Structure formats: C-alpha cells, structure tokens
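In what follows, a structure is listed as structure tokens, so that the remarks can point back to it.
Computed from a predicted model, the values in this text were never measured in an experiment.
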Amino acid sequence: MPRQSRKPSGTGIHHVMMRGINHQNIFEDAEDYFQFMTTLDRVRVQYDDLGLPCGTSCTIYAYCLMSNHFHLLIRERNEKIGEVIKRLASSYVYYYNHKYLRDGHLFKERFKSEPVNDMEYFTVLLRYIHQNPLKAGIVEKVKDYEYSSWGEYSGTVDPAFQVCDTRTVLNRIPFKDLDEWVNDPLPDDYNFLDNDNERPRLRLSDDQVWQEIIKLAGVTCSSDFQKLERQLQRETLGQLRELGASVRQLERLTGISRGVIQFV
C-alpha cells in the first residue's frame, strides 16, 4: 500500500511525533535528553558555506521528550518540515549510536505529523504536549518535568538556553491563563497522533528490576542470570524493557552485554 501524503498546514505549523523503533527507548540518561535539546536548537538555524547563520529553518513552540518518543509543535520557515526532522533525527542517531556502540536505525522510518490550522487547536496541543509526563504518571505537576519546554514558558530556563519561541504565544495568551490551561488535564478521549493506547514506560529502580527477574526467571544474582537458557534470558530482558528498565541498567545488573539487550 502506498504511503499517504502528509496533510498540508495552512499556517505552516505541525504537531510532530516520532517514536523509537520497536518502541525502544531513545533516551537512556540525562545526557541523551540534553544532547537532543542541543540538536533541536541547532537545526532551527540555517548556515551558509562558511558556517555562518543565514536564515531560519523552523520555529519551535513546544517540545516534550519522553523515554521512547518525542513531541514537537513546530512551524516551517525556510525548510520543509520533513527536511528539518530528517536532519534532527540523523544527527541524534549518529550521537546515540556512537555513544552506545551500536549500528542501525533508532527511530521508526517515518515520523507522524498533523497540521495545526487554528489557534484553538494550537492551544490544545500546548496543553497536551506538556501534559505527557503527567499522563504517564512520571510527575504530578507539569512544572516538575525537566525535559519539556514548559520551563521556557514559566521562566525557569535561562533565555540564553531557550529553544522555543515563547514570546509569540505569551503575546497572545497571558502566562497566568496559559499556566491554568496547561495544568488543567485534558480528557482521555481527545484524539491525538499517538492515541494507540500505549502509555510511556516508567523507570524501575534496581530493586524493582530484581524483583521482576526473580519472578520471571527464578534467579537472584547476575551470575545465575548469565547461566540461564538463552531464550529465557531474552524473554526476561524483553519483558523488563517493556516494564521500563533501561538498557544501561540491565547491562549493569545482569552482566549481559548492551548489544544483546538492545535487540531483544
């Protein structure tokens, strides 16, 4: 079946979501999140052959980075949305593969997007994107999540490190009103790009991981886990990743190599 073409946006604004291949984590630690934000900041600007800024490729209004996917509220400028996301993803994958000694794809082949053609839906998406960590049960308040753009709106992020154009939004919506809206939970039946009934995975503590290993495989230490039959090992690791254990955490606790864990 041929791919469906992307729906055009009359405003140039799109809601973009991109997920890790096979729903795997794309961020393993704080360094990964901050590297992605740095890359996002860099792709906003176009450069000439001398490496000097010469234009704006896009404007970013909001973002939220979850363990296995990210959301952007982004406007095309001098570059099509597909090219911007391609540069963003390629740069981050290069970093991630180099850091974790891996090869191959990290993201699903094609990102999801939808047009944003009016201010009402734009405001709904601002709420939805920033509420992702609440829906996942990671934090209790929007302001408590470190890896979204809400700190840029609330003023807790130094302007020198801001990625988003918050001024355009705040010129239209006073912060007091925006703060109330963003902290007012959206109904669960809203239809968004990722409404596939999957909830982002939560992080497990080391003790929780071992409790699950004991329950799933019946062993209590790394040396015994390494002696398990290969299929049981892989099944256990796969279930632990689905529950929210990271690759680095499983490598450290079980002694199984990162390359094996990443592809279970």
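Surrounding CZ of F175 are more than 12 heavy atoms belonging to other residues, nucleotides or ligands, all under 6.0 Å away. Within a 6.0 Å sphere centred on CD of E120, other residues, nucleotides and ligands contribute 12 heavy atoms or fewer. Around CZ of R252, the count of heavy atoms belonging to other residues, nucleotides or ligands within 6.0 Å exceeds 12. More than 12 heavy atoms of other residues, nucleotides or ligands sit less than 6.0 Å from atom NZ of K99.
In the hydrophobic cluster analysis, where Ile, Leu, Val, Met, Phe, Trp and Tyr join through side-chain heavy atoms closer than 4.5 angstrom, F34 is grouped apart from V157. Neither I21 nor L237 shares a network with the other; the hydrophobic side chains, linked directly or stepwise wherever heavy atoms of I, L, V, M, F, W or Y lie under 4.5 Å apart, form separate groups for each. By the rule that hydrophobic residues join a cluster once side-chain heavy atoms approach within less than 4.5 Å of another member, V45 and F161 end up as members of separate clusters. Hydrophobic cluster membership is shared by I256 and L232, with clusters built from Ile, Leu, Val, Met, Phe, Trp and Tyr side chains linked at under 4.5 angstrom.
By the side-chain hydrogen bond (donor to acceptor under 3.5 Å, both in side chains) test, E229 pairs with no residue at all, sequence neighbours left out. The side-chain hydrogen bond (donor to acceptor under 3.5 Å, both in side chains) check on T11 picks up S9, with sequence neighbours excluded.
Looking at T59 and R44, their side chains never bring a donor and an acceptor atom within 3.5 Å of each other. Residues D32 and Y95 have side chains that bring a donor and an acceptor to within less than 3.5 angstrom of each other. Between the side chains of Y61 and E152, no donor-acceptor pair of N or O atoms lies under 3.5 Å. A side-chain donor-acceptor contact under 3.5 Å links H130 and S149. Between the side chains of N68 and Q24, no donor-acceptor pair of N or O atoms lies under 3.5 Å. For the residue pair N97/Y92, the side-chain donor-acceptor check at 3.5 Å is not satisfied. No side-chain N or O of D41 forms a donor-acceptor pair with one of T38 less than 3.5 Å apart.
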Please step through salt bridge (Lys or Arg N to Asp or Glu O under 4.0 Å) for the pair K215 and E212, ending with a clear verdict. CA-CA 5 Å; K215 182 167 61 177; E212 292 297 328; 3.4 Å; yes
Would you sort out whether E235 and Q231 count as a side-chain hydrogen bond (donor to acceptor under 3.5 Å, both in side chains), showing the intermediate values? CA-CA 6 Å; E235 289 176 356; Q231 184 61 31; 3.1 Å; yes
Evaluate salt bridge (Lys or Arg N to Asp or Glu O under 4.0 Å) for E180 paired with K176, printing each intermediate quantity in order. CA-CA 6 Å; E180 290 177 359; K176 181 177 181 296; 3.0 Å; yes
Decide yes or no on ring pair (Phe, Tyr, Trp, His ring centres under 6.0 Å) for H71 and Y128, but give the supporting numbers first. CA-CA 10 Å; H71 290 271; Y128 168 71; 5.4 Å; yes
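Separation of atoms CZ (R241) and CD1 (I261) is listed at 8.0 Å; rounding is to 0.5 Å.
Ring pair F70/F27: centre-to-centre distance not below 6.0 Å. Ring-centre distance between H15 and Y121: not below the 6.0 Å cut-off. Taking the six-membered ring for Trp and the full ring otherwise, the centers of Y33 and F36 sit at least 6.0 Å from each other.
Here the closest non-hydrogen pair linking D165 and T168 is OD2-OG1, 2.6 Å. Among all heavy-atom pairs drawn from H105 and R102, the shortest one is O-NH2, 2.9 Å.
Between M119 and R172 there is a side-chain heavy-atom pair separated by less than 4.5 Å.
Taking the six-membered ring for Trp and thresholds of 30 and 60 degrees, Y96 and Y100 have ring planes inclined between 30 and 60 degrees apart.
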